[in-house]
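Note sheet for the following structure.
Treat the numbers as computed from the prediction; the structure is a model and nothing was measured.
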Amino acid sequence: MNSMLIASASVTIIFAGALLGIGLQRLLPGHHLSKETQDVVKLSGGMIGTLTALVLGLLVSSAKTSFDIANSGIVQTSAKVVLLDRALARYGPDADAAREQLKRSVAAVIDTLWPSERTAGSTLVTMEQGKGVDLLQDALGALQPQSEAQREALSQARQIVTDVNQARWLFIEQEHGQLPVPLLVILVFWLTLLFVSFGLFAPPNTTAVTVLLVGACAVSAAIFLVIEMSQPIEGFITISSAPMRNALQHLNQ
């Protein structure tokens with residue numbers, strides 16, 4: 001989803017609802033704008049506003065949770081990468097090829113997730129994308145431990161690789177999750193109705209129109225945040241690459 005496009009469309013639609021309400025003031029007969037009518041509209045608007053606030057609050061909370069889970073997954077994977085490198089270092093010189101493959105794989109992951117921060121020297125990103133863990137598993141499978149210490153180190157390395165691969169696919173599946181379009185449409189519809197009720201009894205002056213525009217921008221900004229945090233590696237709000245870069249600096253040391 002293009003968060004900026006959707007947020008802009010939301011501002012336009014919601015603010016158009018406010019202008020529609022202001023326009024209806026001039027078209028409706030006077031008795032349709034009586035005090036009793038205002039009370040009914042305010043009651044209905046309050047109910048819609050409560051539902052909208054509840055749904056929007058839940059969406060922001062859910063999106064923030066998804067963002068935090070993705071960020072935590074990157075941090076945990078970065079730590080496991082360093083532990084994997086240490087396990088291979090304990091194995092001995094025979095694991096140097098696997099350690100080098102691990103470093104190339106981490107660099108490829110950084111280039112894939114954060115293409116605007118490409119690491120120097122990584123020229124095989126296209127070939128390695130999605131294959132780094134498989135190549136690393138092949139490198140580990142080629143090792144023939146000769147002592148108990150090597151067997152223990154290799155067993156630990158294989159377990160870490162399995163955990164990293166599982167975390168990778170979990171991250172991929174989470175990234176494919178999208179905000180349901182019907183839910184988004186209903187939310188914008190509710191907000192539009194709410195702003196129609198605001199405009200219906202708002203004084204037709206510049207200050208009132210400006211306030212309604214600011215309000216439309218505010219609720220659309222919340223929708224923007226929900227979409228942005230629901231896709232943590234795309235858009236303007238992304239998870240940090242610092243943990244992975246820090247792990248890359250500690251490899252082969």
Side-chain angles (χ1 to χ4, degrees), residues 1-28 32-33 38 40-71 112-117 171-241:
M1 288 187 177
N2 189 319
S3 56
M4 185 61 71
L5 180 61
I6 293 176
S8 299
S10 298
V11 170
T12 303
I13 295 171
I14 295 170
F15 183 60
L19 295 180
L20 175 62
I22 294 175
L24 287 175
Q25 286 188 45
R26 302 177 180 179
L27 299 177
L28 293 174
H32 282 257
L33 302 175
Q38 290 186 34
V40 173
V41 173
K42 288 180 180 178
L43 182 62
S44 179
M47 180 186 67
I48 296 174
T50 301
L51 288 173
T52 303
L54 179 61
V55 172
L56 194 56
L58 289 175
L59 286 176
V60 172
S61 177
S62 177
K64 181 61 167 61
T65 299
S66 299
F67 186 88
D68 290 340
I69 290 175
N71 188 64
T112 301
L113 296 183
W114 298 278
S116 62
E117 306 174 13
F171 185 87
I172 291 173
E173 293 302 323
Q174 288 177 339
E175 183 63 20
H176 281 300
Q178 296 287 344
L179 184 67
V181 175
L183 178 60
L184 184 61
V185 171
I186 291 173
L187 183 61
V188 173
F189 175 68
W190 283 351
L191 288 169
T192 303
L193 288 180
L194 192 60
F195 273 71
V196 169
S197 69
F198 292 162
L200 190 60
F201 299 104
N205 56 51
T206 303
T207 300
V209 172
T210 301
V211 170
L212 289 173
L213 176 59
V214 171
C217 291
V219 293
S220 297
I223 296 176
F224 172 81
L225 287 176
V226 169
I227 298 174
E228 278 291 302
M229 290 190 294
S230 297
Q231 42 192 25
I233 62 172
E234 298 178 356
F236 299 96
I237 303 176
T238 60
I239 54 181
S240 174
S241 63

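Between the CD1 atom of Ile237 and the CG atom of Leu225 there is a distance of 5.0 Å, given to the nearest 0.5 Å. Here the CD1 atom belonging to Ile223 is positioned 9.0 Å from the CD1 atom belonging to Ile6, to the nearest 0.5 angstrom. Between atom CD of residue Gln231 and atom OG1 of residue Thr238 there is a gap of 11.0 Å, rounded to the nearest 0.5 Å. With rounding to the nearest 0.5 Å, the separation of CD1 in Ile22 from CG in Leu27 is 12.5 Å.
Scored by the side chain to side chain donor-acceptor pair (under 3.5 Å) test, Lys64 finds Asp68 as partners (sequence neighbours excluded). By the side chain to side chain contact (heavy atoms under 4.5 Å, CB included) test, Met4 is found to be paired with Asn2, Ser8, Phe224, Phe236, residues two or more places apart in sequence or in another chain being considered. Shown here are the side chain to side chain contact (heavy atoms under 4.5 Å, CB included) partners of Thr12, two or more places apart in sequence or in another chain: there are none. Ser220 pairs by the side chain to side chain contact (heavy atoms under 4.5 Å, CB included) definition with Ser10, Val11, Ile14, not counting sequence neighbours. Considering only residues two or more places apart in sequence or on other chains, Ile13 meets the side chain to side chain contact (heavy atoms under 4.5 Å, CB included) condition with Val188, Thr192.
With hydrogens and angles disregarded, a donor-acceptor distance shorter than 3.5 Å links the side chain of Gln25 to the backbone of Ala202.
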Can you list the steps and then say if Thr210 with Thr206 is a side-chain contact (heavy atoms from CB on, under 4.5 Å)? CA-CA 6 Å; Thr210 301; Thr206 303; 3.9 Å; yes
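Residue pairs meeting the ring pair (Phe, Tyr, Trp, His ring centres under 6.0 Å) criterion with at least one member in residues 196-215, sequence neighbours excluded: Phe195-Phe198.
Residues Met229 and Ser66 form no side-chain contact, since every pair of their non-hydrogen atoms from C-beta on lies 4.5 Å or further apart. Residues Leu194 and Ser197 meet the side-chain proximity criterion, which asks for heavy atoms closer than 4.5 Å.
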Output side-chain donor-acceptor pairs under 3.5 Å for residues 49-63, partner residues at least two apart or in another chain, one line each.
unit_1, atom_1, unit_2, atom_2, d
Thr50, OG1, Gly46, O, 2.8
Thr52, OG1, Ile48, O, 2.8

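Between Asn71 and Ser240 the shortest heavy-atom distance is OD1-N, 4.1 Å. Nearest heavy-atom pair across Ala70 and Ile239 is O-CD1, 4.3 Å.
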